[in-house]
Amino acid sequence: MTEKGLLIVLSGPSGVGKGTVRQAIFSQGERDFMYSISATTRKQRVGEVDSEDYFFKSREEFESMIKNNQLLEYTEYVGNYYGTPIDYVKKTLNEGNDIFLEIEVQGAMQVKERMPEGIFIFLTPPDLTELESRILNRGTDESPIIQQRMEKAVEELNLIRYYDYAVENDTVQNAVKNILAIIQSEHLKVSRFLENQLTDEKE
Ligand code: 5GP
């Protein structure tokens with residue numbers, strides 16, 4: 001049976017630890033996942049490798065990718081563009097491999113519009129209530145930047161309702177275990193089984 005791969009979108013508020021969890025999933029090697037390398041206009045950080053961590057682009061290059069419909073989604077985040085090249089995602093799924101997107105919430109919502117069959121996982125901070133109450137009770141002496149960030153975090157947290165799964169990042173190990181369990185059950189869904197059978201019959 002030729003199974004189509006799963007599109008796994010790992011998202012969540014900034015600073016929640018998406019990168020750490022995703023890297024832990026990839027390094028434990030239980031399943032063979034592909035990773036969608038994003039394009040960005042942000043400056044390369046020390047230790048980052050072009051075409052491994054990101055495809056580092058100029059604004060002009062990125063804007064031409066937008067114009068030529070080369071991106072599945074994109075967003076502007078803290079003054080820089082970030083986006084997912086579409087061709088690699090489609091090719092990987094058609095080859096029957098699972099692909100991981102590790103992106104912020106605005107982008108994840110665009111993917112949901114275009115590819116609703118994806119699995120949308122929201123990584124939550126363990127101290128959600130604490131974060132919310134800090135924002136609600138924030139003092140007037142906090143700097144506007146902190147306030148803006150907190151407000152942005154709450155805005156992001158509100159989008160959780162559009163996701164399929166909420167995984168708490170209490171420990172990386174727990175988050176990894178739960179995400180792998182989600183993927184395992186998604187592979188076993190009856191709807192998926194029937195869809196693949198139909199595809200086989202057509203071939
Ligand atoms: P950083 O600059 O720290 O590498 O990433 C900043 C934020 O952008 C993180 O939340 C990261 O997950 C998100 N991000 C990375 N690549 C993409 C992408 O292709 N699309 C979207 N929408 N967000 C991304």
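Every number for a ligand or one of its atoms is a count from 1 in the order of the listing.
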By number and element, which atoms of ligand 1 are closer than 4.0 Å to a non-hydrogen atom of [X]?
X     : value
Thr84 : 19 (O)
Arg45 : 1 (P), 2 (O), 3 (O), 4 (O)
Arg42 : 1 (P), 2 (O), 4 (O)
Tyr77 : 6 (C), 7 (C)

(request) Could you state whether Phe55 and Tyr74 fall into the same hydrophobic cluster, counting links through intermediate Ile, Leu, Val, Met, Phe, Trp or Tyr residues with side-chain heavy atoms under 4.5 angstrom apart? (result)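 Hydrophobic grouping puts Phe55 apart from Tyr74.
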(message) Membership question, hydrophobic clusters at under 4.5 Å side-chain separation (ILVMFWY): are Leu123 and Phe120 in the same one?
(response)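 Cluster IDs for Phe120 and Leu123 differ.
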(message) Check this for me - ligand 1, Ala39, N or O atoms closer than 3.5 angstrom, yes or no?
(response)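 N/O-N/O distance under 3.5 Å: no.
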For [atom], what is the closest protein heavy atom, and at what distance to 0.1 Å?
atom                    : answer
atom 4 (O) of ligand 1  : Tyr54 OH, 2.6 Å
atom 14 (N) of ligand 1 : Tyr82 CD2, 3.9 Å
atom 12 (O) of ligand 1 : Lys18 CE, 3.2 Å

(message) Donor-acceptor pair, distance only, cut-off 3.5 Å: does the side chain of Asn97 make one with the backbone of Gly5?
(response)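 No, because the side chain of Asn97 does not come within donor-acceptor range (under 3.5 Å) of the backbone of Gly5.
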(message) If you take the nearest heavy atom of each of Ser38, Gly107, Ser11, which one is closest to atom 17 (C) of ligand 1?
(response)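 That would be Ser38.
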(message) Out of Glu104, Gln106, Glu73, who is nearest to atom 23 (N) of ligand 1 when you count heavy atoms only?
(response)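 The residue whose heavy atom sits nearest atom 23 (N) of ligand 1 is Glu104.
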(message) Within this structure, what is the CD-OG distance for the pair Glu73 and Ser36, rounded to the nearest 0.5 Å?
(response)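 OG of Ser36 is found 8.0 Å from CD of Glu73.
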(message) Ring-plane angle category for Phe26 and Phe33, please: parallel below 30°, perpendicular beyond 60°, tilted otherwise.
(response)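 The rings of Phe26 and Phe33 sit tilted, inter-plane angle from 30° to 60°.
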(request) Report the residue from Lys57, Glu63, Glu61 that forms a side chain to side chain donor-acceptor pair (under 3.5 Å) with Tyr81. (result)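 The option that passes is Glu63.
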(message) I'd like to know if Glu76 and Arg59 make a salt bridge, using a cut-off of under 4.0 Å between side-chain N and carboxylate O.
(response)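 Looking at Arg59 together with Glu76, the answer is yes, because their closest N to O distance falls below 4.0 Å.
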(request) Please name the pair of heavy atoms, one in Val21 and one in Val176, separated by the smallest distance, quoted to 0.1 Å. (result)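 Looking at all heavy atoms of both residues, the shortest contact is O-CG2, 4.0 Å.
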(message) Under 4.0 Å, counting heavy atoms only: does Gln110 come that close to any atom of ligand 1?
(response)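 It does not, in that no heavy atom of Gln110 comes within the 4.0 Å cut-off of ligand 1.
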(request) Give the contacting part of Tyr74 toward ligand 1: side chain, backbone, both or neither, where contact means a heavy-atom distance below 4.0 Å. (result)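 Neither part.
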